[in-house]
Protein chains: 2
Amino acid sequence: MNQELIRPILTVDIVVLTLHEQRVHVVVQKRDKPPHAGHFALIGGYVRPEEDVSTAAAAARVLRDKAGLTARLLEQLMTFSGTERDPRGWSASVAYYGLLPYQDVAQQVRRNLKMLPLDRATGLPFDHDTIVSKALERCRRRAAYSSLPAFLLPIAFTQSALRHAYEAVLGRALNDSAFRRKIDELRVIEPLAGNVSKATARPAQLYRLGRGHIVEFDRTV
Amino acid sequence: MNQELIRPILTVDIVVLTLHEQRVHVVVQKRDKPPHAGHFALIGGYVRPEEDVSTAAAAARVLRDKAGLTARLLEQLMTFSGTERDPRGWSASVAYYGLLPYQDVAQQVRRNLKMLPLDRATGLPFDHDTIVSKALERCRRRAAYSSLPAFLLPIAFTQSALRHAYEAVLGRALNDSAFRRKIDELRVIEPLAGNVSKATARPAQLYRLGRGHIVEFDRTV
DNA sequence: ACCACTTACTAGCAAATTGCAAATAACAAG
DNA sequence: CTTGTTATTTGCAATTTGCTAGTAAGTGGT
């Protein structure tokens with residue numbers, strides 16, 4: 001219709017999730033520029049069409065440049081838009097969620113980063129509360145039929161650690177033996193020959209994901 | 001960083017799905033303007049921040065104005081972006097999928113609309129093949145644990161019709177008696193007192209969704 | 001009126017899956 | 001060598017699912 005179309009601001013926001021003390025945490029960063037300068041918010045930034053081949057690339061770049069992080073799993077959540085979310089006017093933000101092990105975040109805490117357990121991840125600026133809640137909802141759903149929670153762990157992990165990751169994301173306890181049986185039947189992990197973790201009373205076998213990327217199951221965990 | 005940020009074109013595309021002869025169909029529309037004028041593509045259009053409160057509103061508006069359709073269920077799929085998808089350069093399109101009963105589409109076939117069964121919904125312009133395939137993937141997943149397929153049907157439907165809708169979306173046959181049992185246990189539909197369909201040999205009880213909106217189950221269908 | 005045919009709907013049991021609890025294993029600490 | 005703790009396996013009960021047959025309620029034909 002009209003040639004001079006209003007082109008809204010396009011940004012990306014990333015809900016970085018990790019596991020700490022058996023609980024899911026959201027990583028937030030102190031903003032250094034207005035609006036909401038000085039407040040902690042989701043890691044985000046502008047999409048730069050001239051340098052980002054896609055919004056996914058923009059998300060990865062922002063995560064790397066602003067927080068020094070690289071997610072083990074980075075998936076698009078959805079796009080949030082409207083006039084309400086940003087005081088600068090109508091805007092659209094493509095939200096992503098990124099999963100990575102605690103150690104990766106701990107290394108970068110210098111960069112104004114903070115990890116919030118879920119119950120304290122509220123009161124964020126913009127519509128970031130909504131984005132976080134949608135991200136968790138999606139992850140919970142997806143965790144029920146995929147290897148998603150494994151991306152919160154280091155490459156090598158024990159079955160117990162994996163179960164705790166599932167429990168943390170799903171928000172409910174799982175039966176130990178039933179979980180082992182299922183994970184075994186689904187063939188998603190493979191033992192790391194000879195490697196055992198000595199963190200607990202009895203040493204535990206270490207495993208890694210069979211495939212580097214997320215896999216979806218036919219059944220539910 | 002830079003004050004003069006490039007703002008990419010923002011559009012919406014809607015994957016309209018319906019059920020015809022027990023199969024899922026994608027509704028496409030003949031484009032009247034370049035690029036790809038004269039070719040059938042997904043229904044889509046520009047987001048107009050001055051008139052659309054959100055991209056969801058834009059999707060509903062485009063669907064209504066360009067095709068005269070109102071989806072019974074309209075949910076955001078994801079955003080597609082990059083230089084490859086549109087010859088006009090870097091663009092971003094927020095894709096939605098909309099479900100509605102066949103009758104609603106049949107009424108509007110005047111508007112250059114066409115319904116394609118899934119196996120013939122290929123060779124679409126832009127990245128619309130990808131969008132369609134992602135939409136179907138999402139719907140398949142979601143159908144397994146929600147009332148999504150019911151939105152492909154008229155308000156009143158029989159249990160057989162509902163099963164056929166699930167089968168069409170899931171792409172596999174379901175056991176009749178097990179399906180009835182499950183739907184009954186999940187309490188998603190309620191009988192329309194006294195109303196029966198006489199379309200088949202033995203008249204069948206008509207039902208409607210218990211809730212107007214989509215519901216997600218704990219279990220899988 | 002009776003019969004064959006079709007689809008709706010119900011019932012019952014076998015097979016598969018899941019939940020639970022006990023048994024066993026491997027180590028650390030005292 | 002005993003106690004304590006976590007890992008891992010095993011066996012069975014409880015639940016869920018798949019399947020098959022039976023009954024119900026119409027239509028259309030003879």
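The analysis underlying the following values was restricted to heavy atoms, covering all of them including side chains, and did not include hydrogens, waters or symmetry mates. None of the values given here were measured: they were computed from a predicted structure.
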Less than 4.0 angstrom from a charged side-chain N to a carboxylate O is my criterion; do R219(B) and E185(B) meet it?
yes
OP1 or OP2 of dT17(D) sitting under 4.0 Å from any side-chain N/O of K182(B)?
yes
Take atom CZ of F179(A) and atom C1' of dT6(D), then tell me their distance rounded to the nearest Å.
16 Å
In whole angstroms, the gap separating P of dA26(C) from CD of Q159(A) amounts to 17 Å
Have a look at K198(A) and say if it touches a base, only the backbone sugar-phosphate, or nothing, with a 4.0 Å heavy-atom cut-off.
nothing
If you assign each of R181(B) and R163(B) to its closest nucleotide in DNA chain C, which residue comes earlier from the 5' end?
R163(B)
In whole angstroms, the gap separating C1' of dA26(C) from CD of Q205(A) amounts to 13 Å
Other residues, nucleotides and ligands only: do more than 12 of their heavy atoms fall within 6.0 Å of CD on E84(A)?
no
Check the distance between dT8(D)'s P and L162(A)'s CG and give it to me in whole angstrom.
12 Å
Considering only heavy side-chain atoms of T200(A), the closest of dT7(C), dA7(D), dC27(C) is dA7(D)
From CG of D176(A) across to P of dT10(D) the rounded distance in Å is 14 Å
L174(A) CG to dT17(C) C1', straight-line distance once rounded to whole Å
15 Å
So for R202(B) and dA8(C), does any side-chain atom that can act as donor or acceptor lie under 3.5 Å from a complementary atom in the base?
yes
Take the protein atom CD1 of I183(A) and the nucleotide atom C1' of dT9(D), then report the distance between them rounded to whole Å.
17 Å
Audit row: E216(B), R141(A), salt bridge (Lys or Arg N to Asp or Glu O under 4.0 Å) steps and yes/no:
CA-CA 10 Å; E216(B) 303 189 350; R141(A) 230 353 140 177; 3.0 Å; yes
Protein-nucleotide distance (R180(B), atom CZ; dA24(D), atom C1'), rounded to Å:
12 Å
Here's a test of your reading of the structure: between R219(B) and A201(B), which maps to the more 5' nucleotide of DNA chain D?
R219(B)
State plainly whether the residues R180(A) and D176(A) are in salt-bridge range, i.e. N to O under 4.0 Å.
yes
Any salt bridge linking R85(B) with D13(B)? Criterion: basic side-chain nitrogen under 4.0 Å from a carboxylate oxygen.
yes
First encountered from the 5' end of DNA chain C, between S177(B) and S160(B)
S160(B)
